[in-house]
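Below is one structure, written out as structure tokens; the observations come after it.
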Amino acid sequence: MTALLDDPLDAAALLRAGALVALPTETVYGLGADARNGAAVAAIFEAKGRPHFNPLICHFPDAEAAFAEVRADGRARALAAAFWPGPLTLVLPRRADCRVDLLAGAGLDTLAVRVPDHPLALAVLRAVGTPVAAPSANRSGRVSPTTPAHVREELEGRIAAILDGGECAVGVESTVLDLSAGGAALLRPGGVPVEAIEAVIGPVGRPIPHGAGPAPTLRSPGLLLSHYAPTLPLRLDATDVGADEALLAYGTPLAGAALVAQLSEARDATEAARHLFGALRHLDAEGQRLSLRGIAAMPVPGEGLAPAIRDRLARAAAPKA
Ligand code: AMP
Ligand code: MG
């Protein structure tokens, strides 16, 4: 029922007609819809089972197209010049004549915008000629997809098509940075390390650490504590592993696990990010088949993409609401 496409022009035609199409990006597969079309945007929330208060990121072929819909200050322009196309999402005030349907922004007066670094996504965006709203192409709360097969596992029969771009190169979602309120606040760590952002615009406010202070869910609903979650329970910072557990390894695997997936033998965080969601899916499916008790994850220390990995693992381990 869900077609696999290889021509971006076919994907663009479906999007213009109001259909949902999963698109490859450098981060994860996105579930795209014409962001001006309220019915198409509503269908994204429906297909994902996504709460309506969780706004979507809008995608554009270049910074000029993005900044026609939102107000960009000097910092936003400098960041766009440094990182677009790429895995950085900017939250900025909507322009009065912004064409994006209000539901896509969950009724907020801000909008999250990004230019993805993927030739097929850019070809689609250029051909569609309208903003494309695209959250990750998974059922709400579950692990994000990094291959067309993952998208099928999540959304087969619920969406018109998947544009086949193979495996995603970065593997974790974009960094989300809020510039709408004067300062700069990191809403979600992701594919662009925060140190790289600070090298361009100076200090960035960090999110409230897990468990501390009030739930930050109103600031950015993607900060929902339980998210990216496998079915099996996930145990963080494991220093040992049981014979009835699956192991998510980073470096030399702990001995004794029933099943092992390696994020990066060389402890390279960029490689680990690329493998993260596929490894979680594999351990979850195989672990359930083998009736294992859960997944034990080895620590992923350091900077670069490691904070984004730790963030996703912490949410995957959080108690489900
Ligand atoms: P996803 O589409 O699943 O990659 O998630 C998009 C992320 O961007 C979520 O964390 C959203 O809560 C966040 N987001 C999107 N739009 C806004 C906005 N206008 N203000 C704050 N956060 C946003
Ligand atoms: Mg998502």
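Owing to the predicted nature of the structure, the values given are computational and were not obtained by experimental measurement. When a ligand or atom number is given, it counts from 1 through the structure's own listing order.
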_Quiz question: by atom type and distance under 3.5 Å, do the side chains of R188 and S174 form a donor-acceptor pair?_
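R188 vs S174: donor-acceptor pair found between side chains.
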
*S136 versus E173, side-chain donor and acceptor atoms under 3.5 Å*: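 No, no side-chain donor-acceptor contact under 3.5 Å.
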
Which bit of [X] is near ligand 1, meaning a heavy atom under 4.0 Å away: side chain, backbone, both or neither?
{"X": "N54", "value": "side chain"}
{"X": "L187", "value": "side chain"}
{"X": "L108", "value": "side chain"}
{"X": "R114", "value": "neither"}

Where ligand 1 meets [X] - atom numbers and elements under 4.0 angstrom, heavy-atom basis:
{"X": "A112", "answer": "15 (C), 16 (N), 17 (C)"}
{"X": "T110", "answer": "18 (C), 19 (N), 20 (N)"}
{"X": "P55", "answer": "11 (C), 12 (O), 14 (N), 15 (C), 16 (N), 17 (C), 18 (C), 23 (C)"}
{"X": "R188", "answer": "1 (P), 4 (O), 5 (O), 6 (C), 7 (C)"}
{"X": "P135", "answer": "2 (O)"}

*Is any N, O or S atom of N138 under 2.8 Å away from the Mg ion (ligand 2)?*
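No - counting backbone and side chain alike, N138 has no N, O or S atom under 2.8 Å.
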
*For residues P131 and L125, determine if any side-chain heavy atom of one lies less than 4.5 Å from a side-chain heavy atom of the other.*
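They are not in side-chain contact.
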
*Of the options P87, P85, C58, which is the one that meets R114 in a side chain to side chain contact (heavy atoms under 4.5 Å, CB included)?*
P87

*Using distance alone, determine whether K48 and ligand 1 share an N or O pair under 3.5 Å.*
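No; every N/O pair is 3.5 Å or more apart.
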
*Measure up the F277 and Y228 rings against each other and bin them: parallel (under 30°), tilted (30 to 60°), perpendicular (over 60°).*
parallel

*Are R315 and D311 ion-paired here, with the side-chain N under 4.0 Å from a carboxylate O?*
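Salt bridge flag = yes for D311 with R315.
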
*Salt-bridge test for R142 and E154: reply yes if a basic N is under 4.0 Å from a carboxylate O, no otherwise.*
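Here R142 pairs with E154 in a salt bridge, since their nearest N and O are under 4.0 Å apart.
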
*Does ligand 1 have any atom that is closer than 4.0 Å to a heavy atom of G105?*
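Flag not set, G105 not near ligand 1.
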
*asked:* Using a 6.0 Å cut-off, check whether atom CD of E46 has over 12 heavy atoms from anything other than its own residue.
replied: no

